[in-house]
Amino acid sequence: MLQDVLTAVIAAGCAGCVYLAAAARVVKQYERGVVLRLGRFVGGVRSPGFTMIIPFVDRLYKVNMQIVTLPIPAQEGITRDNVTVRVDAVVYFKVVDAANAVIQVEDYRFAVSQMAQTSLRSIIGKSDLDDLLSNREKLNQGLELMIDSPAVGWGVQIDRVEIKDVSLPDTMKRSMARQAEADRERRARIINADAELQASRKLAEAAQQMADTPAALQLRLLQTVTAVATEKNSTLVLPFPVELLRFLEKAHQPAPEPGRPQPPRPLDESASAPAPAAVPPAPDGAAPDLAPAPAGSPDTASAGSPGPAPDGSPGTVPDGSGLPVEADGADPGPPADPVSVTPVRAAADAVSHASQEDWPRA
C-alpha cells in the first residue's frame, strides 16, 4: 500500500515537473510577451522576467523592443529632371506597442521594408538630381514621414531614415565633372581679372607718383639693379627708361643768360619749300626774262658791281645776257652758304644755274 502511494506521489511530481517545464516562460529585458489563449489576446503584455502560461492552451509571442536597422535595397528611378539614378537607404525603427505589432500586421519587419522601398521610389520621382545630391536632410525628413504614417497603426515607430548612396550613370558623372571644371575655371578667371584690376590701379597710382617726383623713378631703377646684382649673374640686362633720359637732359641743360641771343632754331624739315616758277625759254639772241631780285640782296649788289670782289676773289662781269659770269669764264655755281639765304631764293638760284648751259650767250 505504501509502495503504491509513493509511486503515485512520484508520478504526480513528475507530471508537475513536466507541466511546469511546459508552462514556464522567460521574457528578456528587451522583449515583451503577448499571450494568445485559444487564439484570443488575454492578460495584457507580459513584462520581462519569469512568466507562466497554460500549456497547450496559451501561446506566447515575444516581441523585440530594440531599435532595428533595416537596409532598403537600391531602388532605380527617374528624377523630376529626367535623370536615371539608383538610390539605397537605411531605416531605423522600433516597436512601441507589442500587441499591435503582433495583431495588426502579419510581419512588421517585412511591412516596414516594403513601405520604405515604395516611399523611396516616390521620393526619387518627386525630387531633382541636385536635391538628391545636396539636400538630403530634407529628403530624409520627407521619407521618414511617408514611412511613419502607416507604421503608427502597426505599433512601430520610425526613428530615422537615411539615404546612403546615389548612383549616377557614367555619362552623367562626366557631364557633372565638366560642369564643375567649367565653374571653377570661371571662378579662377574672375579672381585673376580682379587681381589684374587691383594691380593696374596700384600701378597707376605708382606711375602718377613717379611722374610727380622724377627722382623716384631713378631710385626704383637703382633698387632693380641691386636686386638683379644679388643673383651673381655674369650678364646684366638693364632697361633704360626714356623718362630718365629726359630727367637727365633737363638737369644738365644750362640756363639761358639774360641779354645773350639764342641760337637759331633749325628749319622745320616737315615744311616743304615752294616750287620755283617756271621760266619760259628765251628766243634766239634774246636774254630770258628773269624776275628782278629784291633790292639790297647779295645778287643785286654783285650783278651791278663788276670787277673783283672786296675780298680779292675774281668778280663777275656781265656777258650781255643779263646774267652774272665769272671774270675767267667760270660758272659762278650755287651760293657758298645755303643756310644764309631763304628757301625761295635758294630754289631760284638752283633753277637759274641748271638752265645756264642751255641759254645762248650773246
Side-chain angles (χ1 to χ4, degrees), residues 1-75 87-123 137 139-165:
M1 187 67 180
L2 182 59
Q3 186 177 3
D4 294 337
V5 172
L6 291 177
T7 303
V9 171
I10 293 173
C14 291
C17 290
V18 172
Y19 179 80
L20 182 63
R25 294 289 186 275
V26 176
V27 180
K28 297 180 182 180
Q29 181 65 36
Y30 54 86
E31 294 177 341
R32 298 294 184 270
V34 178
V35 178
L36 298 179
R37 181 170 297 170
L38 298 177
R40 187 181 182 87
F41 174 69
V42 293
V45 178
R46 302 294 176 91
S47 59
F50 182 79
T51 184
M52 297 288 294
I53 62 173
I54 300 175
F56 308 108
V57 177
D58 295 342
R59 188 170 183 179
L60 179 66
Y61 293 92
K62 297 179 181 181
V63 180
N64 191 344
M65 307 297 290
Q66 292 177 320
I67 295 177
V68 180
T69 302
L70 181 64
I72 303 176
Q75 302 296 314
V87 182
D88 55 351
V90 58
V91 180
Y92 301 90
F93 70 94
K94 64 180 179 179
V95 178
V96 293
D97 190 348
N100 289 336
V102 174
I103 297 172
Q104 299 295 333
V105 62
E106 180 182 2
D107 186 353
Y108 65 90
R109 286 176 177 266
F110 182 75
V112 171
S113 175
Q114 294 299 317
M115 179 58 65
Q117 293 182 27
T118 55
S119 300
L120 182 59
R121 294 177 67 90
S122 178
I123 285 292
E137 190 66 27
L139 296 180
N140 293 338
Q141 294 177 0
L143 188 59
E144 179 180 348
L145 292 176
M146 293 180 66
I147 301 175
D148 189 60
S149 297
V152 172
W154 305 337
V156 177
Q157 179 182 355
I158 304 299
D159 188 68
R160 190 177 183 86
V161 181
E162 291 287 344
I163 295 178
K164 293 196 302 182
D165 187 24

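Side-chain atoms are counted along with the backbone in the values below, which use heavy atoms only and exclude waters and symmetry mates. Sequential numbering from 1 along the given sequence is applied to the chain's residues.
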For this session: May I ask you to check whether over 12 heavy atoms, not counting those of Lys28, lie within 6.0 Å of atom NZ?
Result: no
Exercise. How close do Ile53 and Ala22 get, heavy atom to heavy atom, and via which atoms?
Worked result: CG1-O, 4.5 Å
For this session: Check for a donor-acceptor pair, side chain of Lys164 on one end and backbone N or O of Ile72 on the other, with a separation under 3.5 Å.
Result: no
Exercise. If you draw a 6.0 Å radius around CZ in Arg25, do more than 12 non-hydrogen atoms from other residues or ligands fall strictly inside?
Worked result: yes
Exercise. Rounded to the nearest 0.5 Å, what separation is found between the CG atom of Asp58 and the CG atom of Leu38?
Worked result: 7.0 Å
Exercise. With side chains defined as the heavy atoms from C-beta onward, is the minimum distance between Arg37 and Ile54 less than 4.5 Å?
Worked result: yes
Problem set entry | Nearest-0.5 Å distance, CG of residue Asn100 to CZ of residue Phe41 | 9.0 Å
For this session: Test Ile158 against every option in Leu143, Val112, Leu145, Val152 by the side chain to side chain contact (heavy atoms under 4.5 Å, CB included) rule and name the one that passes.
Result: Val112
Exercise. Should we count CZ of Phe50 as having more than 12 external heavy atoms under 6.0 Å?
Worked result: yes
Problem set entry | Main-chain N/O of Glu144 paired to Asp148 side chain as donor or acceptor, under 3.5 Å | no
Seminar exercise, completed: dist Asn140:CG -> Glu162:CD (nearest 0.5 Å) comes out at 4.5 Å
Problem set entry | Closest heavy-atom pair and its distance - Leu120, Gln75 | CD2-CG, 3.8 Å
Exercise. How about Asp159 and Phe93: do any of their side-chain heavy atoms sit closer than 4.5 Å?
Worked result: no
Exercise. At their closest point, which heavy atom of Ser119 faces which heavy atom of Ile147, and how far apart are they?
Worked result: OG-CG1, 3.7 Å
Problem set entry | Sidechain-backbone polar pair: Ser149 side chain, Met146 backbone, donor-acceptor under 3.5 Å | no
Exercise. Which heavy-atom pair separates Val91 from Ala116 by the least distance, and what is that distance?
Worked result: CG2-CB, 3.8 Å
Seminar exercise, completed: When rounded to the nearest 0.5 Å, the distance separating CD of Glu31 from OG of Ser47 is 12.5 Å
Seminar exercise, completed: Nearest heavy-atom approach of Lys62 to Val26 is NZ-O, 2.8 Å
For this session: Check whether more than 12 heavy atoms from other residues, nucleotides or ligands sit under 6.0 Å from atom CD of Gln66, and answer yes or no.
Result: yes
For this session: Mark yes or no for whether Arg32, through its side chain, and Ala99, through its backbone, hold a donor-acceptor pair below 3.5 Å.
Result: no
Exercise. So does Phe110 have more than 12 non-hydrogen atoms from other groups sitting under 6.0 Å from CZ?
Worked result: no
Seminar exercise, completed: Nearest heavy-atom approach of Ala89 to Ile163 is CB-CA, 3.9 Å
Problem set entry | Any donor-acceptor pair under 3.5 Å from Asp165 side chain to Asp88 backbone | no
For this session: Enter the distance from Leu70:CG to Tyr108:OH here, rounded to the nearest 0.5 Å.
Result: 11.0 Å
Exercise. With a 4.5 Å limit on heavy-atom distance, are the side chains of Met52 and Leu20 in contact?
Worked result: yes
